[in-house]
Amino acid sequence: MDKIKIIGGKKLEGKIFISGAKNAALPLICASLLTDETVTLTNMPMLSDIKAMNALMEQLGTQIDEFNDFVDGHPTKTYSYRTPKATSLVAPYDYVRKMRASYYVLGPLLARYGKCELSLPGGCAIGARPMDIHLSSLEQMGASIEIKNGYVNAKIDGRLKGAKITFRTVSVGATCNLLMAATLAEGTTILENSAMEPEIGDLANLLNDMGAKISGIGTPVLTIEGVEKLHGATHKVIADRIEAGSYAVAAAITRGKIELVNAQEPTLSRPLQILRDMGVGIEVKENSIIVDARGKELVGKDIMTEPFPGFPTDLQAQFLVLMLTAKGASMVTETIFENRFMHVPELLRMGANINVHGHASAIVRGVDKLSGAQVMATDLRASFALILAGLIAEGETIVNRVYHLDRGYEKLEEKLKGVGAQIERIKEADEE
Ligand code: UD1
């Protein structure tokens, strides 16, 4: 397996182009299943999770065309999806096992074809992550749901029925799945306590462009008036706020200055406020954000993860590492997932001072230095946190299990090299 080698100590300066958002792209791809016409998505990131979703779509009978494209002079991908009629209504174990977001096919397939068999995703490194909210909400819309041999068998005679659904807890996945399902339902669906993450707004905007009738976008109450048919559309994927936030930390932790081109401030207000409070300079421009920590002494800040517009759990690991370079103690509290401090033991091996209390909080104290080590993480964002630690550690850090990073960070080494990092990928074949 490939590894990433970093020699720490370089101040990062320059510009980084922020790619299209993975977590927006995945449900957008599945939304194309709701119509027999073509849905074209531009500004798509080149990531293994997108390839995995495309493979699942092809297995369902979707025809995909891929084009090389440019956004603001940067190479990106455009994909066109067309599903005249699905040839399979099954999302098999081998696909779902590789990527849990495969469950986004459930809402669209059930709504358009009245049936879907989905392998139940198991837990993952960061938590149990059940699907009960997706399933009970679809039941409220009239679907019959049976779980057998590790699969969800969902069925409906005729169309799903509009319903008033109050989610028991805020869930990004359940909100997206129900939003897609409700577009083709009979009557009106009201989704209360919906997630408000920007990726959901992006999905709702595409669905409306396809002929759906969704109102309340950006609020916790989404109202969807069902329609009989949706049509094709072309849509530009929003910028990846988690990628932007991760590189903002790279600038801050190395006391450098990075312009995050394409990053959108409204999607990042809370993390940017934390950076400002810590002493980092933030300048918001029309199509970019400049993060400037040159010559700054940073102070620790407490953070607590919450659904949007709160602090995102997907930036918790990165900010925790940043707190190691700040004066004083910072308390990091995780409220979304039950097992999201798996990066801490690896950071301790690099000389960090962190005390984890139960599963929910960690006290992080500033340290004079970290030292390079061989490390590995169990999930995507934790892996980036180790990259950040490597950027400031003395000597060489080798981050193993690079496949996690390839799921969510497009051209990671290229982007970091471009701002002055000493980083390279060691291909498996290069090793003896
Ligand atoms: C999405 C993101 C992930 C992010 C997370 C929270 C994608 C592909 N993934 O994951 O990167 O970390 O939002 O912002 O967009 N829950 C239940 N039952 C359910 C559904 C969720 O108990 O049916 C719980 C989860 O276990 C978790 C919490 O609700 O504790 C929030 O999860 P959810 O928002 O659904 O996360 P995902 O959509 O899986």
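First listed ligand is number 1; within each ligand, the first listed atom is number 1.
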Part of Phe167 within contact of ligand 1 (heavy atoms, under 4.0 Å) | neither
Going through the checks in order, is the side-chain hydrogen bond (donor to acceptor under 3.5 Å, both in side chains) test met by Thr313 and Glu334?
-> CA-CA 7 Å; Thr313 174; Glu334 172 62 51; 3.0 Å; yes
Can you find a side-chain donor-acceptor pair between Tyr403 and Asp2 that sits under 3.5 Å?
-> no
Atom 24 (C) of ligand 1 touched by protein (heavy atom, under 4.0 Å) | no
Can you tell me which residue and heavy atom of the protein come closest to atom 34 (O) of ligand 1, and the distance to 0.1 Å?
-> Val172 N, 2.7 Å
Hey, is Asp65 close enough to Arg82 for a salt bridge, meaning N to O under 4.0 Å?
-> no
By number and element, which atoms of ligand 1 are closer than 4.0 Å to a non-hydrogen atom of Arg129?
-> 10 (O), 26 (O), 37 (P), 39 (O)
Please list all pairs passing the ring-ring contact (aromatic ring centres under 6.0 Å, His included) test where one or both residues lie in residues 17-51, with sequence neighbours left out.
-> Phe17-His74
Is the closest side-chain heavy-atom distance between Lys5 and Ile423 below 4.5 Å?
-> no
Cationic N near anionic O, under 4.0 Å, Arg168 to Asp132 = yes
Contacting atoms of ligand 1, where contact means under 4.0 angstrom from a heavy atom of Thr313 = 6 (C), 12 (O), 14 (O)
Sub-3.5 Å N/O-N/O distance, Lys22 and ligand 1 = no
N or O pair under 3.5 Å between Ile336 and ligand 1 = yes
Heavy-atom pair with the smallest gap, counting every atom of Met46 and Lys77 = CG-CG, 3.3 Å
So Leu315 and Ser246, side chain to side chain contact (heavy atoms under 4.5 Å, CB included) or not? Walk me through it.
-> CA-CA 7 Å; Leu315 285 176; Ser246 302; 3.8 Å; yes
Does an N or O anywhere in Arg100 fall below 3.5 Å from an N or O of ligand 1?
-> no
N or O contact, Pro130 vs ligand 1, cut-off under 3.5 Å = yes
the protein heavy atom lying closest to atom 29 (O) of ligand 1 turns out to be Thr169 CG2, 4.0 Å
the protein heavy atom lying closest to atom 12 (O) of ligand 1 turns out to be Asp314 OD1, 2.6 Å
Going through the distances and angles, do Glu146 and Lys155 end up as a salt bridge (Lys or Arg N to Asp or Glu O under 4.0 Å)?
-> CA-CA 9 Å; Glu146 193 192 13; Lys155 279 191 212 137; 5.6 Å; no
Considering only heavy atoms of His134, which atoms of ligand 1 have at least one such atom less than 4.0 Å away?
-> 23 (O)
Report the residues that fulfil ring pair (Phe, Tyr, Trp, His ring centres under 6.0 Å) with His134, sequence neighbours left out, ordered by chain and then residue number.
-> Tyr103
Polar-atom distance check: Ile133 versus ligand 1, any N or O pair below 3.5 Å?
-> yes
Which ligand 1 atoms are under 4.0 Å away from a heavy-atom of Gly173?
-> 35 (O), 38 (O)
Find all atoms of ligand 1 within a distance of less than 4.0 Å from any non-hydrogen atom belonging to Arg340, and give their numbers and elements.
-> 12 (O)
Does NZ belonging to Lys411 count more than 12 external heavy atoms closer than 6.0 Å?
-> yes
Is any N or O atom of Arg168, backbone or side chain, closer than 3.5 Å to an N or O atom of ligand 1?
-> yes
Any idea which of Pro307, Ser137, Ser171 brings a heavy atom closest to atom 21 (C) of ligand 1?
-> Ser171
For Tyr103, atoms of ligand 1 separated by under 4.0 Å from a heavy atom = 37 (P), 38 (O), 39 (O)
